[in-house]
Every structure is written in C-alpha cells, then in structure tokens.
2 protein chains.
Amino acid sequence: MDNGALTGLATDVVVFTIRAQRLCVLLVRRTREPFAEHWALPGGTVPADEGLDACARRLLREKTGLHGVYLEQLYSFGSPGRDPRARVVSVSYFAVVPPGCLLSVTDHSSRLAWTAVDALPVMAFDHGEIVSMAHRRLASKLEYSTIALQFMGERFTLSELQSVYETILGEQLDKRNFRKRVRNLPCLEETGEWFRAGNHRPARLFRVTRPSRVDIIK
Amino acid sequence: MDNGALTGLATDVVVFTIRAQRLCVLLVRRTREPFAEHWALPGGTVPADEGLDACARRLLREKTGLHGVYLEQLYSFGSPGRDPRARVVSVSYFAVVPPGCLLSVTDHSSRLAWTAVDALPVMAFDHGEIVSMAHRRLASKLEYSTIALQFMGERFTLSELQSVYETILGEQLDKRNFRKRVRNLPCLEETGEWFRAGNHRPARLFRVTRPSRVDIIK
DNA sequence: TTGACATAGTGTAGAAATGACACTAACTTA
DNA sequence: TAAGTTAGTGTCATTTCTACACTATGTCAA
C-alpha cells in the first residue's frame with residue numbers, strides 16, 4: 001500500500017432546479033477533448049490542498065456563478081474507463097437551487113443550460129449515470145426529509161410547494177392531505193403576506209425558518 | 001480542469017459483525033508509519049486499472065481473508081490533512097458479515113481484531129470518523145431495508161434476528177410486534193428444522209431466500 | 001417422575017397515521 | 001354581476017402501530 005498509484009481526482013455537481021413544472025439539471029458545454037461540444041456536469045479537478053466539499057462548491061461558483069446552495073455528497077464514480085485519457089475518480093455531489101437562480105442561462109450564446117432530466121442529451125463521460133443516481137436520491141429524500149424546501153424561493157405558496165413534489169415524484173398528490181402534512185412542519189411559517197396572481201383568490205405566502213437547513217423527518 | 005493535480009486514492013472498508021451481543025468492526029494493526037502500531041480499517045491504495053468496488057473487495061480479501069460479503073459504498077473522505085504524508089482520498093465502504101466468519105481473529109498474535117464500536121481505540125487517520133458514519137448509516141438502514149439479514153448465518157432463529165436489531169439500535173423491541181413484522185418478509189422462510197440449545201423449548205430455524213440481496217422495504 | 005427453570009411462541013384491542021373524498025371562499029375579468 | 005380560476009378547509013373508513021401476558025416445550029436436578 002502507501003502511496004502507490006496516483007490518480008486524477010475530480011468533483012462534479014448535479015444541480016437541480018424546477019422550471020416550468022419540470023425537474024432540470026444544469027449542464028455545461030465542454031470546449032475541449034475528450035467530449036468536446038458535449039454536455040457535462042459542472043466540475044473539475046481537485047487541487048491537492050483543497051477539501052472535497054470546498055472544491056465542489058468553488059468549482060460550481062466558478063463555472064456557473066452559483067453559491068450558497070444546498071450541496072451534498074452523492075457517490076464516487078471510478079470505473080477505470082470512465083475518462084478515456086486516464087484514471088479519474090469523480091466524487092459527485094448534488095445541489096438544489098430555487099427557480100430563478102441563473103435566469104439568464106438559456107441565452108443561446110451561453111455554454112450553460114438548464115435541461116429537463118427526462119430529456120437529457122448524450123453526455124460526456126458517465127455523467128448521465130451520475131444524473132440518474134442523483135435523481136433517484138433526490139426522489140427518495142423527498143419522502144423523509146425537508147429537502148423540497150431547497151427548491152423554494154424566499155416566499156412561496158403551498159400550491160407551489162405541492163407542485164415541486166408532484167413534479168419530482170411524477171404523480172399527483174391530494175391537496176388536503178398534502179397541506180395537513182406540510183403545515184405540521186416546524187420549519188415552515190406563514191409570512192402573513194398574500195400572493196396575488198391571475199383572476200382568483202390570493203394565496204398565503206410561507207417562508208422557511210432556517211433556509212439552509214434540511215431536516216430528516218419521520 | 002483536465003488532469004491537473006494527481007492524488008493518492010484508497011479504499012477502506014468498515015466490516016460489521018455481531019459478537020457476544022455487541023456490534024463490532026474489524027480492525028487491522030498497522031506496521032508502518034504513519035500511525036505504526038495504530039489500528040486502522042482494512043484498505044489500501046487503488047491501482048489505476050481497477051474499479052473502486054472491485055478494489056475494496058480485493059483488499060478486503062487480501063488483508064482479512066473475507067470474501068463474498070455484502071459491501072456498499074459509504075462516503076468519500078478527502079480532507080487535505082487526513083494523511084500526513086500526502087493528499088489521499090479514501091473512498092470508504094461498509095460490509096456486513098455473519099458472526100463466525102474469522103473466528104480465529106482474536107488470537108493474540110494476530111494483527112486483526114474485532115472491536116466493539118462502543119469501545120474503539122484511537123485510530124489511524126480519520127478512520128474513527130469513518131466508522132462513526134458507517135454506524136449511523138447501518139442503524140438507519142435497519143429501519144427501511146433487510147440489511148439485518150446480512151448478519152445472519154445460513155440458518156437462524158427469530159430470537160437471534162431480534163437480538164441483532166436490539167444490539168444495533170440499542171433498545172429492546174417487543175417480541176410479538178417484531179415477529180409480526182418480520183414474518184411478513186417474503187425473503188424469509190422456515191427451514192422446517194429446529195434449533196435446540198439449553199434447557200428450554202427449541203426454536204424454529206429460518207433461512208433467507210436470496211442471501212446476497214438486500215431489499216428496500218416500506 | 002416430577003417440579004423448577006428457561007426460552008419459544010402466540011392474539012387482541014386501543015391509538016395513531018393514512019388515504020379518499022367535495023364543497024365554499026376570494027379574487028379578476030368580461 | 002356572472003363566469004372563471006385557484007385557495008382553502010374537515011370527516012370518515014382503513015390501515016398501521018403499539019402496548020401488553022400467558023401457554024408451550026424442552027432440560028435438568030432433586
């Protein structure tokens with residue numbers, strides 16, 4: 001043992017958001033070989049003096065401008081053939097951001113794009129697998145944690161929150177049962193404000209008490 | 001990006017078993033610096049041409065003789081200072097084996113030892129943290145998967161299985177409720193045999209239908 | 001042989017959580 | 001002021017969870 005093989009090390013981040021009722025991930029168009037012009041996850045090489053979480057966060061900021069987001073280690077991918085040049089292990093992460101972050105992103109000139117997870121392009125390396133694992137993890141965390149709140153902006157209605165659940169789970173939920181569950185969460189509170197939109201009754205606005213925290217429930 | 005820093009890469013495995021009603025992990029005594037004579041997890045450097053799972057499995061077999069065990073990736077640890085020599089990322093795994101594997105292991109001459117998780121020695125590197133995360137993961141997987149069956153030998157009684165749950169969760173369970181739950185599992189079946197021990201009624205012996213499989217339940 | 005001891009094995013009833021279900025409230029616009 | 005649209009609310013039946021105590025079957029020792 002001890003210091004035998006040296007290996008390339010990278011972090012890659014699957015950033016989720018919801019746009020137009022679809023679960024989307026943030027992709028970066030590669031410029032260089034291998035996989036030039038392919039879509040990839042934002043990420044890159046880890047310097048020897050930087051921690052993994054810190055590196056994932058920094059690269060995410062540098063490549064996409066996103067910062068201060070919810071970030072969690074997902075899995076490490078290290079098949080010998082996953083990078084055609086050399087052995088590179090990717091320590092992958094997933095992140096969740098509210099819609100409206102990076103609104104500018106769909107400019108045609110941009111090398112960044114939000115892409116629906118159910119309509120991904122062919123991706124560089126094994127990044128398609130990474131997205132797929134992140135998606136499964138996200139869906140299962142919906143059921144036992146408050147991670148869905150990371151998709152919400154500062155203030156939101158319960159219908160908007162319900163729509164997040166429905167989009168990710170891919171099924172309709174009962175409005176009354178949903179509200180019963182969610183109104184018992186201590187991390188959710190009414191703002192006292194109302195959201196008016198369209199020709200209908202306004203909705204109460206809620207906020208998350210400690211926005212950066214994700215609790216395990218039940 | 002692209003092939004900048006090269007880093008040491010290792011896998012380490014937290015092997016759990018139950019001995020004498022205590023949850024134990026398998027430790028290896030180091031011979032070399034750093035941390036010579038300290039206890040460490042079985043593991044080592046990943047060669048450039050080997051997958052992570054395969055490497056963890058191989059090193060486990062080489063260092064401890066264990067093979068064919070349940071093995072699952074846990075987390076990757078990569079603080080820059082975790083190895084005093086150089087940056088080394090450890091992709092950690094946890095494994096579960098039935099008691100009776102490696103019975104010889106407590107020989108005084110041996111450099112292997114089963115150690116109760118609630119009485120760990122000071123360990124090499126950040127291996128103490130790794131064990132602690134593995135323990136938390138194991139305890140939470142008890143609740144929503146059939147991982148506890150990986151602790152069982154080929155045939156076992158329901159009381160033995162209940163004792164595994166109690167040991168890991170650190171609390172007593174109700175015998176009737178426990179049996180109600182567990183007898184509904186499709187992966188468990190009666191062998192028709194009986195286990196006689198001590199001056200009391202014999203117990204039915206059960207077996208797992210597909211021993212290598214861990215199901216997610218509920 | 002029989003009584004003491006030890007663990008195996010079993011059912012029920014009350015409480016809590018879950019799931020199905022339909023109408024009224026409040027606002028906008030034509 | 002009527003039509004359209006989403007917000008918001010409660011009940012009942014079913015299922016699941018929890019607490020709880022006794023009988024069965026073996027061994028061993030007197």
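The sequence lines fix the lettering, A, B, ..., with proteins before strands; numbering per chain opens at 1.
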Do the side chain of [X] and the main chain of [Y] share a donor and acceptor less than 3.5 angstrom apart?
X	Y	value
B:S110	B:L112	yes
A:R57	A:V69	yes
A:Q21	A:S163	no

Report the nucleotide, chosen from C:dG9, C:dA6, D:dT25, that has the shortest atom-to-atom distance to any side-chain atom of B:P202.
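So the side chain of B:P202 is nearest to D:dT25.
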How long is the line joining [atom1] of [X] and [atom2] of [N], in whole Å?
X	N	atom1	atom2	answer
A:Q172	C:dA20	CD	P	13 Å
B:R196	D:dT25	CZ	P	12 Å
A:E143	C:dG19	CD	C1'	15 Å
A:N199	D:dT1	CG	C1'	15 Å
A:I217	C:dA17	CD1	C1'	14 Å

Side chains of residues 117-127 of chain B: which donor-acceptor pairs under 3.5 Å do they make with residues two or more places apart or in other chains?
from: B:D118; atom 1: OD1; to: B:R22; atom 2: NH2; distance (Å): 2.8
from: B:D126; atom 1: OD1; to: B:R82; atom 2: NE; distance (Å): 3.2
from: B:D126; atom 1: OD1; to: B:R82; atom 2: NH2; distance (Å): 3.0
from: B:D126; atom 1: OD2; to: B:R82; atom 2: NE; distance (Å): 2.8
from: B:H127; atom 1: ND1; to: B:L41; atom 2: N; distance (Å): 2.9

Sorted by number, the residues of residues 174-194 of chain B with heavy-atom contact under 4.0 Å to DNA chain D:
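DNA chain D contact set from residues 174-194 of chain B: B:D174, B:R176, B:N177, B:K180.
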Expected output is a numbered-order residue list: members of residues 151-165 of chain A with a heavy atom under 4.0 Å from any atom of DNA chain D. What is it?
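Here the set is A:S159.
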Would you please say whether a donor-acceptor pair under 3.5 Å links the side chains of B:S140 and B:R136?
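No pair is found: no donor N or O on one side chain lies under 3.5 Å from an acceptor on the other.
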Does a side chain donor of either B:S92 or B:D12 reach within less than 3.5 Å of an acceptor in the other side chain?
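B:S92 vs B:D12: no donor-acceptor pair found between side chains.
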Report each atom pair, protein N/O against N/O of nucleotides 23-25 of chain C, whose distance is under 3.5 angstrom.
from: C:dA25; atom 1: O4'; to: A:R201; atom 2: NH1; distance (Å): 3.2
from: C:dA25; atom 1: N3; to: A:R201; atom 2: NH1; distance (Å): 3.4

For the residue pair A:L188 and A:F156, establish whether any side-chain heavy-atom pair is separated by less than 4.5 Å.
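Sidechains of A:F156 and A:L188: in contact.
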Do B:L9 and B:L52 come within less than 4.5 Å of each other through their side chains, counting heavy atoms only?
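Yes, at least one pair of side-chain atoms sits under 4.5 Å.
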Sequence neighbours excluded, which residues qualify as ring-ring contact (aromatic ring centres under 6.0 Å, His included) partners of A:Y144?
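With neighbours one apart ignored, the set is empty.
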So which heavy atom on [X] is nearest to which on [Y], and how close?
X	Y	value
A:R183	A:E190	NH2-OE2, 2.8 Å
A:R213	A:Q150	O-NE2, 3.6 Å
A:F151	A:I168	CE1-CD1, 3.5 Å

Carboxylate-amine/guanidinium proximity below 4.0 Å for B:E143 and B:K218
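B:K218 and B:E143: not salt-bridged.
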By nearest nucleotide on DNA chain D, pick out whichever of A:F206 and B:G198 is the more 5' one.
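Going by which nucleotide is closer to the 5' end, it is A:F206.
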Specify the angle, to 10°, made by the local axes at the two ends of the helix from C:dT1-D:dA30 to C:dA30-D:dT1 when five pairs are taken at each end.
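For the helix from C:dT1-D:dA30 to C:dA30-D:dT1, the axes at either end differ by 0°.
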